[in-house]
Amino acid sequence: MENLQLIRKIIEQLTHWRVFTELSSASQLNDVNNTNEDLAALILNEIYGWNLVNLNTKKSNFPAIDLGDTKSGIGVSVTATDTSDYIKDKINKNITHKVYETYPTHYFLITTSKKNYSVSFDTQGKYTFDKSINILDIED
């Protein structure tokens, strides 16, 4: 019974996080995204055992990704923007800035709700990207 209460509490907090992010973004209060990066790192590290750090604290507007784990080669773009164009843009920046050389696994964490993406995302053969695996949201 105690585990069930914990799961409900986690669901409640994640729901709050998503709705707060959606409403903040709709109101052009984009500073919430900075906080989301740190929170996302904590959550993803706990769930997946990664060692993500917020790269934007080391270099403002780090290209293509927000979080990185150099040991595992994982980079994560944290965003409330769920459009295919946004994802394509970040993939292109990853290639242009050769971020994939340090972080060859590129994930997206959509802090709102991801869409069912019907387009393909071209990494120009620089790294593998599977939209069914590499695009996550709160429900994942």
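Everything numeric here is computed off the predicted structure, so don't read it as measured data. Atom set for the values below is all heavy atoms of this structure, side chains included, hydrogens, waters and symmetry mates excluded.
- Cluster annotation: I74 and I43 are assigned to the same hydrophobic cluster (Ile/Leu/Val/Met/Phe/Trp/Tyr, side-chain heavy-atom contacts under 4.5 Å, transitive).
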- Where do T128 and T123 land on the side chain to side chain contact (heavy atoms under 4.5 Å, CB included) test, with the steps shown first? CA-CA 7 Å; T128 303; T123 63; over 6 Å; no

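- A continuous path of ILVMFWY side-chain contacts below 4.5 Å connects L55 to V99, so both sit in one hydrophobic cluster.
- The distance from the CG atom of L136 to the CG atom of L44 is 7.0 Å, given to the nearest 0.5 Å.
- Side-chain contact between F108 and V78 is absent, with no heavy atoms from C-beta onward closer than 4.5 Å.
- Only one option out of I91, N92, D130 pairs with F121 in a side-chain contact (heavy atoms from CB on, under 4.5 Å); it is I91.
- Of the possible donor and acceptor atoms, one in the side chain of D69 sits under 3.5 Å from a partner among the backbone N and O of N51.
- Taken to the nearest 0.5 Å, the CG atom of D38 stands 7.0 Å off from the CG atom of L42.
- Between the side chain of Y103 and the main chain of L67, no donor-acceptor pair closer than 3.5 Å is present.
- Aromatic ring pairs are classed by plane angle as parallel below 30°, tilted from 30° to 60° and perpendicular above 60°; the pair Y127 and F129 is perpendicular.
- Placement of I138 and Y117 in two distinct hydrophobic clusters is found when ILVMFWY residues are connected by side-chain heavy-atom separations under 4.5 Å, directly or transitively.
- Counting all heavy atoms, side chain and backbone alike, I135 lies closest to K114 at O-NZ, 2.9 Å.
- Contact between H106 and K90 at its shortest, heavy atoms only, is CE1-O, 4.0 Å.
- Across N36 and T111, no two heavy atoms sit closer than the pair ND2-OG1, 3.8 Å.
- A heavy-atom distance below 4.5 Å is found between the side chains of W50 and V76.
- Between T57 and N54 the shortest heavy-atom distance is OG1-O, 2.7 Å.
- Listed for the T112 side chain is a donor-acceptor partner under 3.5 Å among the backbone atoms of A80.
- Although no hydrogens or angles enter the test, the distance criterion places a donor-acceptor pair under 3.5 Å between the side chain of N94 and the main chain of Y100.
- Between atom NZ of residue K88 and atom OG1 of residue T83 there is a gap of 9.5 Å, rounded to the nearest 0.5 Å.
- The environment of K131 atom NZ is dense: over 12 non-hydrogen atoms of other residues, nucleotides or ligands sit within 6.0 angstrom.
- Judged purely by atom type and a 3.5 angstrom limit, T79 has no side-chain atom pairing as donor or acceptor with the backbone of I110.
- Here CG of D140 is found 11.0 Å from CD1 of I133. Values are rounded to the nearest 0.5 Å.
- Residues D66 and N56 approach most closely at OD1-ND2, 2.9 Å, considering heavy atoms.
- N134 places a side-chain heavy atom less than 4.5 Å from the side chain of T105.
- The distance from atom CD of E37 to atom CG of L109, rounded to the nearest 0.5 Å, is 10.5 Å.
- The minimum heavy-atom distance linking S77 with I65 is given by the pair OG-CA, 3.8 Å.
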